[in-house]
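First up is the structure itself, then whatever we jot down about it.
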Amino acid sequence: MSSLNSTKYDTTNLHGSYSWTDTLKGVYYGPGSVKTALPKLLNILGAKKAFVVTGRSLHDKTDVVKKVEDILKEHNAYGATFYEIGQHSPIAGIKSGLQQFKDVRADVIVSVGGGSPVDASKAILYFQQQETGGPFLRQIAIPTTLSAAEYTSGAGYTNEEGFKVAVSSPELAPAGIILDAELTLATPERLWLSTGMRAVDHAVENLYRPLVPPPIKHLCYAALADLFKYLPESKANPQAVDVRQKLQIASWMSLWPLKTEKYSALGLSHALGHKLGARYGIPHGITSCLTLAPVVALKAETASQEDKEWLAGALFYLRKPSAGSLESDILKLSVDIQQLVDSLGLHSTLSEYKVPREDLPQIAELALGSKDDPLLPKVIALLESLYV
């Protein structure tokens, strides 16, 4: 999976550009919206037969997938359902899914679930195009978590060696997205809340990600305000569909569709999460719970002046007073993030996932992209702090 992009760029405060992902034809949101949005998107895309990609738990333990299948059948657009997609999208499942996709002669994928089905669907479409040399076929994403994989053009999956790797193309970003909060009610609480922290991770790291223009950073501020407000409310009242819908919109704002010249990790927290997740069986959301707060604290020491200003500015949107300096404000943001993690019952350690301490230098090097990066000792120390 992607390491940090080490290229140095000029400030984006005064110069830059923005492009929406080329493939996106619509984002539809609202409780119950799947009933009308899915047929509308199929019609827009001219798709005739859909291949549903999901995970086993969602398929076997809920009626969410059946609801989607029934809508497709009602419009004579159902091909088959593939539910062998595991956490972190193992390559074996992707290969099997690709074969079934070809066997039923589907012309669109409808992914249902979290980041793994969405990313696996991108990978299936990538390898299908590589085989045929023809145009990329499209995906309609129906997320049931807050991980926001549906807004990007890259697909992370786990290779045969157990490492997270990626494929990317502007053509892989889903063509349609349906945010129907009713379909999230069956999502397990820990998965729902931890992927909400993943959205917090997106919003924070976009504040210092290279080439992100100011309007998107202000959307990230709005996302942070809503995530900090509504994640605790959702934990307190899991059946509140209106709160869940607001969280889905906040997740959208945290990773607003953006066409980038190069696919790379958003920032150090994401890069570390990519290296920890697949190899040690740590869920996407939990990696953010582990790494984001300490990475933000490190930014108080190492970030550029411009990045410090954007990070410190988050306190205003969280309705928190300034601590008196940019560095103090960033450290306060780090504390607030950790307190949110803890209040949601998501505190985790590397000890729980049996990550060997002797692996830490390699994890840090892979995340940074070079053993010569001057931050390497500090990142190893950061990882050391995650055992308690």
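Only this structure's heavy atoms are used, side chains among them; waters, hydrogens and symmetry mates stay out. Here, residue 1 is the first one in the sequence, and each next residue gets the next number.
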Between atom CZ of Arg357 and atom CD1 of Ile380, what is the distance when rounded to the nearest 0.5 Å? 13.0 Å
Give the intermediate values and the outcome of side chain to side chain contact (heavy atoms under 4.5 Å, CB included) for residues Leu386 and Thr349. CA-CA 5 Å; Leu386 303 182; Thr349 68; over 6 Å; no
Any non-hydrogen side-chain atom of Val200 less than 4.5 Å from a side-chain atom of Leu292? yes
Which side-chain N or O atoms in residues 229-238 pair as donor and acceptor under 3.5 Å with protein atoms at least two apart or in another chain?
from	atom 1	to	atom 2	distance (Å)
Ser234	OG	Trp192	NE1	3.0
Lys235	NZ	Glu189	OE1	3.4

Going by atom type alone, with no hydrogens or angles, which donor-acceptor pairs under 3.5 Å involve a side-chain atom of residues 35-48 and a protein atom two or more places apart or on another chain?
from	atom 1	to	atom 2	distance (Å)
Thr36	OG1	Ser33	O	3.4

I want to check something: taking the side chain as every heavy atom from C-beta on, are His347 and Gln338 in contact at a cut-off of under 4.5 Å? yes
What I'd like to find out is whether the side chain of His284 reaches to under 4.5 Å of the side chain of Ser116, using heavy atoms alone. yes
Spell out, as yes or no, whether a donor-acceptor pair under 3.5 Å connects the side chain of Asn159 to the backbone of Gly162. yes
I want to check something: taking the side chain as every heavy atom from C-beta on, are Ser169 and Phe136 in contact at a cut-off of under 4.5 Å? yes
Backbone N or O of Ala293 within a donor-acceptor pair of the Ser334 side chain at under 3.5 Å? yes
Heavy-atom donor-acceptor pair, Arg244 side chain to Glu182 backbone, under 3.5 Å: no
Given 3.5 Å as the limit, does a donor-acceptor pair link the side chain of His75 with the main chain of Ile71, or not? yes
Is a salt bridge present between Asp242 and Lys246, judged by a nitrogen-to-oxygen distance below 4.0 Å? no
Any donor-acceptor N or O pair under 3.5 Å, side chains Lys122, Thr152: yes
Measuring from Leu290:CG to Leu276:CG, what's the distance to the nearest 0.5 Å? 7.0 Å
Applying salt bridge (charged side-chain N to carboxylate O under 4.0 Å, His left out), which residue pairs with at least one partner in residues 89-115 are found, sequence neighbours left out? Lys95-Glu160, Lys102-Glu131
Here's a test for you: under side chain to side chain contact (heavy atoms under 4.5 Å, CB included), which of Leu268, Val335, Leu207, Val204 qualifies with Val296? Val204
Side-chain contact, heavy-atom cut-off 4.5 Å: Leu172 with Gln139? no
Within-4.5 Å side-chain heavy-atom neighbours: Tyr18 and Ile216: yes
Between the main-chain N or O of His270 and the side-chain N or O of Glu205, is there a donor-acceptor pair closer than 3.5 Å? yes
Taking atom CG as the centre, does Asn76 end up with more than 12 heavy-atom neighbours from other residues, nucleotides or ligands that are less than 6.0 angstrom away? no
Distance-minimising heavy-atom pair for Pro117 and Gly113: CG-CA, 4.2 Å
Value for NZ (Lys259) from CG (Leu211), rounded to nearest 0.5 Å, stands at 14.0 Å
Heavy-atom check, side chain of Val112 versus side chain of Leu58, under 4.5 Å: yes
Return yes if some donor-acceptor pair links the side-chain N/O of Thr187 with the main-chain N/O of Thr144 below 3.5 Å, else return no. yes
Is Gln129 reaching over with its side chain to a backbone N or O of Leu137, donor-acceptor style, under 3.5 angstrom? no
Single-linkage hydrophobic cluster Val53~Ile94, side-chain heavy atoms < 4.5 angstrom: yes
Calculate, to the nearest 0.5 Å, the distance between atoms CD and CG belonging to Gln248 and Leu179 respectively. 5.0 Å
Would you please test Arg198 and Ser147 for side chain to side chain donor-acceptor pair (under 3.5 Å) and show each step? CA-CA 6 Å; Arg198 187 70 169 173; Ser147 64; over 6 Å; no
Test Glu171 against Arg138 for salt bridge (charged side-chain N to carboxylate O under 4.0 Å, His left out), laying out the working first. CA-CA 8 Å; Glu171 297 291 326; Arg138 300 301 182 203; 2.7 Å; yes
Just wondering, more than 12 heavy atoms not from Lys73 lying within 6.0 Å of its NZ? yes
Just do the side chain to side chain contact (heavy atoms under 4.5 Å, CB included) check on Tyr157 and Phe163 with the steps written out, would you? CA-CA 8 Å; Tyr157 65 93; Phe163 289 97; over 6 Å; no
Tell me whether Lys299 forms a cation-pi arrangement with Tyr208, defined as NZ or CZ under 6.0 Å from the six-membered ring centre and within 45 degrees of its axis. yes
Side chains of Lys67 and Val34, heavy atoms from C-beta outward: is any pair under 4.5 Å? no
Ser89 and Asp119: side-chain donor and acceptor closer than 3.5 Å? no
Do side-chain atoms of Thr291 reach the backbone of Leu272 as a donor and acceptor pair under 3.5 angstrom? no
So, Tyr280 versus Tyr353, ring centres under 6.0 angstrom or not? no
Could you grab the distance from atom CD1 of Ile249 to atom OG of Ser254, nearest 0.5 Å is fine? 12.5 Å
Test of understanding: with side chain to side chain contact (heavy atoms under 4.5 Å, CB included), list the residues that count as partners of Thr158, not counting sequence neighbours. His88, Lys164, Ala278
Taking the six-membered ring for Trp, are Trp252 and Trp256 parallel (under 30°), tilted (30 to 60°) or perpendicular (over 60°)? parallel
Report the C-alpha separation of Lys217 and Asn206 in whole Å, then their side-chain angles, then the decisive distance to 0.1 Å, and conclude whether the side chain to side chain contact (heavy atoms under 4.5 Å, CB included) test is met. CA-CA 7 Å; Lys217 293 184 180 185; Asn206 263 326; 5.7 Å; no
Taking all atoms of both residues into account, what is the closest heavy-atom pair of Ser168 and Gly154, and its distance? CB-CA, 3.9 Å
Could you tell me whether the side chains of Ser96 and Glu84 share a donor-acceptor contact shorter than 3.5 Å? no
Looking at Leu247, is its backbone amide N or carbonyl O close enough to the side chain of Ser251 to form a donor-acceptor pair, meaning the two atoms are under 3.5 Å apart? no
Nearest 0.5 Å, what's the CZ-OG1 distance between Phe127 and Thr132? 13.0 Å
Validation: residues 309-326 side-chain donor-acceptor distances under 3.5 Å, sequence neighbours left out:
from	atom 1	to	atom 2	distance (Å)
Trp310	NE1	Asn13	OD1	2.9
Lys320	NZ	Asp336	OD2	3.2
Ser322	OG	Gly324	N	3.0
Ser322	OG	Asp329	OD1	3.2
Ser322	OG	Asp329	OD2	3.0
Ser325	OG	Ser328	N	3.1
Ser325	OG	Ser328	OG	2.9

Give a yes-or-no answer on whether the side chains of Glu365 and Ser370 include a donor-acceptor pair shorter than 3.5 Å. no
Partner residues of Ala250 under the side chain to side chain contact (heavy atoms under 4.5 Å, CB included) criterion, sequence neighbours left out: Asp226, Leu227
So, are Glu301 and Lys378 salt-bridged, with charged N and O less than 4.0 Å apart? yes
I'd like to know whether Val108 forms a side chain to side chain contact (heavy atoms under 4.5 Å, CB included) with Lys49, so could you lay out the CA-CA distance, the side-chain angles of the two residues, the decisive distance to 0.1 Å, and finally the verdict. CA-CA 7 Å; Val108 68; Lys49 184 180 287 189; over 6 Å; no
